[in-house]
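Accompanying notes for the structure given below.
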There are 2 protein chains.
Amino acid sequence: MNKNHYCIIMAGGLGSRFWPVSRNSKPKQFLDILGTGKTFIQNTFDRFARIMPVENIIVVTSVQYKSLVEEQLPQLKKEHLLLEPYRRNTAPCMAYATYKLLSENPDASVVVTPSDHLIMNDDLFAETIKNAMDYADSNDVLITLGIKPNRAETAYGYIQMNKNSALSINGNVSYNVKTFTEKPSEELAEVFVNSGEFLWNSGIFIWNIKTIQKELEAHQSEIAILFGEGSGLYNTPGEKPFINKVYEECKSISIDYGIMEKTEKAVVYPASFGWSDIGTWESLYGFHKKDQKGNLVKCNETLLRDVTDSVVISDGEEKLIVVSGLDNFMVVNTPDMMVVCPRDESSLKTLFAELPIKGLGKYQ
Amino acid sequence: MNKNHYCIIMAGGLGSRFWPVSRNSKPKQFLDILGTGKTFIQNTFDRFARIMPVENIIVVTSVQYKSLVEEQLPQLKKEHLLLEPYRRNTAPCMAYATYKLLSENPDASVVVTPSDHLIMNDDLFAETIKNAMDYADSNDVLITLGIKPNRAETAYGYIQMNKNSALSINGNVSYNVKTFTEKPSEELAEVFVNSGEFLWNSGIFIWNIKTIQKELEAHQSEIAILFGEGSGLYNTPGEKPFINKVYEECKSISIDYGIMEKTEKAVVYPASFGWSDIGTWESLYGFHKKDQKGNLVKCNETLLRDVTDSVVISDGEEKLIVVSGLDNFMVVNTPDMMVVCPRDESSLKTLFAELPIKGLGKYQ
């Protein structure tokens with residue numbers, strides 16, 4: 001294992017997308033929503049613990065989730081649990097970890113990753129990450145992993161490869177980035193996939209920290225200056241008050257928008273290790289195993305009768321769930337709430353949005 | 001108040017009809033299913049406490065429900081809580097109370113009543129009961145209250161009046177009974193109601209205990225002999241072991257079938273105090289107030305959207321209930337079970353019947 005290889009796991013996301021199972025108080029990354037026996041963040045941590053020393057893994061999360069991380073990742077080095085006092089999107093999150101790491105090991109290369117994605121092939125994933133990190137050690141590039149699409153998905157962002165500008169990452173043909181595109185329309189997604197030039201944006205980045213420091217200074221100078229001022233304070237009692245002050249002043253911006261779309265050093269490495277951001281109930285329904293009637297069932301005890309193509313979940317309670325006569329529905333029970341509604345995402349979104357209108361915001 | 005007037009409240013019924021809210025462990029009579037602020041048995045007790053001395057009220061129930069009765073009826077005289085070790089239907093239940101009462105007050109007249117019915121007009125009810133009891137004090141009759149039907153209900157039993165044989169109960173024309181009929185078909189129910197000769201069978205009986213003793217001896221001699229043998233044991237430490245032995249040997253039979261259909265002393269008193277046995281979710285739905293969309297809602301907090309003509313109940317838990325896109329459904333949440341199914345009774349019955357098949361009998 002390369003002692004200079006580090007990982008920054010970004011785990012500050014809110015929990016609205018798997019409402020009502022996930023909540024602000026326990027968002028998706030801290031749930032075992034796929035029933036693997038481990039939560040998303042535990043699976044993510046374990047994947048990187050195969051690739052690099054455990055003490056090189058860093059988790060950045062909201063101060064609100066401190067105890068959740070401590071509980072779920074007891075192996076995490078204490079100094080590598082970074083707590084954000086406010087939500088400022090991914091660029092400040094990454095910058096905090098980067099500047100702290102600069103004071104620890106200026107020769108580091110890092111992989112920056114979401115904490116709540118599904119990876120199907122762990123071996124291929126490890127190989128891909130190692131290839132990219134080895135390349136990033138000695139090259140002045142910002143690598144992003146692009147996933148070869150197998151359908152015209154409209155829920156993902158896309159990266160267009162510049163096919164005229166190829167390079168080899170340990171024998172794997174990669175490309176300079178031509179464009180980044182947000183979630184496309186259905187028609188556009190079809191065009192993207194059929195062109196063969198587009199990959200899904202995984203949100204996983206690999207680079208050495210000297211390169212990212214330079215790129216932050218070039219494209220997000222405010223953020224670079226704010227975090228750079230703490231160079232003597234990281235890993236001292238001064239870190240916490242300093243970070244509180246920085247986050248108050250810092251703008252909110254994503255890595256994609258703030259760095260990747262602006263830099264000329266973006267390289268996309270086409271990967272095929274089987275990936276999903278499991279960002280919606282529908283994608284969970286797609287990945288999860290179903291019974292013979294097409295039902296995704298996760299309950300202690302159930303009695304289903306004439307139930308088809310539905311999601312039936314009871315989480316955090318040992319309750320008997322009896323359902324009859326529903327097609328394409330969601331029945332979700334949690335300790336303080338139960339939801340029965342059509343399975344399409346818009347139903348859930350509408351209900352979620354109506355909670356504050358009804359004065360029930362505490363269930364968000 | 002007449003000190004010789006007593007009431008026998010039969011409260012041993014099982015809870016299957018309002019499953020999943022009612023259960024064996026807490027059947028309907030111990031629930032406030034209508035949201036009146038009092039349970040059925042509390043309402044029943046209070047109705048009779050207006051008519052007779054509180055210490056003259058007797059409750060017969062299963063030994064299983066002892067603490068439920070003690071909790072819900074703290075005013076009940078300790079010696080008047082009669083516990084049945086086994087379920088033997090209403091005739092033995094009534095006989096136990098009758099023979100015990102014979103040793104207390106041989107001049108008693110009693111009203112025998114279910115514990116879980118709805119009475120709309122308490123004043124008219126009290127007047128009816130007082131009239132019937134006063135008449136029973138000095139007449140050798142078995143009075144049953146017949147409810148004037150307002151629809152061709154197939155869920156009730158019917159009593160046919162012998163219109164050629166009228167008598168006056170304090171000015172109220174009553175009749176000898178011609179026939180008792182179990183729940184009729186829809187066609188037959190129409191014929192019954194249109195004929196003007198039939199009344200609903202309320203299951204409420206009034207008589208003096210000397211008369212009922214004689215009728216028990218005449219038509220249920222086994223039961224009369226069994227309970228008669230305890231004459232020196234009631235209200236002594238010997239009562240409990242005696243009753244345990246009697247119930248083991250005693251057959252199971254109803255008052256209707258065992259006495260009323262056999263006696264020549266049956267008189268039906270037509271009453272119109274507004275009555276329902278609230279024996280099904282459908283009858284509860286009929287009586288309970290609904291929101292503008294026809295929903296019966298009993299929950300701490302709800303968010304309903306596109307929900308019509310449905311029953312939404314959360315019982316025993318403070319849980320937010322979110323429901324969308326259901327018509328004519330039941331959504332019932334209890335601490336250990338939730339049920340979502342079409343509102344017709346047959347759905348619930350089918351699900352209830354499948355519990356043991358699925359090995360989930362504990363939720364019965």
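Fair warning: this is a prediction, and the values are worked out from it, not measured in the lab. In what follows, chains carry the letters A, B, and so on, assigned in the order in which the sequence lines appear, proteins first and then strands, with residues in each chain numbered from 1.
Remark: side-chain polar atoms of B/K358 are paired, donor with acceptor, to backbone N or O of A/T302 under 3.5 angstrom.
In this structure, the side chains of A/N333 and B/K319 come closer than 4.5 Å at one or more pairs of heavy atoms. Counting heavy atoms from C-beta on, the side chains of A/L360 and B/L320 come closer than 4.5 Å.
Distance check: A/D344 CG to B/S324 OG gives 8.5 Å after rounding to the nearest 0.5 Å. Note that CE of A/M338 and SG of B/C299 are 8.5 Å apart. Values are rounded to the nearest 0.5 Å. Rounded to the nearest 0.5 Å, atoms OG (A/S347) and CZ (B/R305) are 7.5 Å apart.
Ranked by heavy-atom pairs under 4.5 Å with chain B, the first of A/V331, A/D336, A/V307, A/V323 is A/D336. In terms of non-hydrogen atom pairs under 4.5 Å with chain B, the most contact-rich of A/T350, A/V340, A/L351 is A/V340. Contact count versus chain A (heavy atoms, under 4.5 Å) is highest, among B/E318, B/M337, B/K362, for B/M337.
Heavy atoms of other residues, nucleotides or ligands lying less than 6.0 angstrom from CZ of A/F287 number more than 12. Summarising the local packing, NZ of A/K290 is surrounded by more than 12 heavy atoms from other residues, nucleotides or ligands at distances under 6.0 Å. Within a 6.0 Å sphere centred on NZ of B/K26, heavy atoms belonging to other residues, nucleotides or ligands number 12 at most.
Contacts of A/L355 with chain B are made by both backbone and side-chain atoms, with heavy-atom separations under 4.5 Å. When heavy atoms are compared at a cutoff of 4.5 Å, A/L303 approaches chain B by way of both its backbone and its side chain. Using a 4.5 Å cut-off between heavy atoms, A/T334 touches chain B through its backbone atoms (N, CA, C, O) alone. In this structure, chain B has no heavy atom under 4.5 Å from any part of A/P20.
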Verdict with supporting geometry, B/L326 and A/L326, side-chain contact (heavy atoms from CB on, under 4.5 Å): CA-CA 9 Å; B/L326 289 181; A/L326 289 182; 3.7 Å; yes
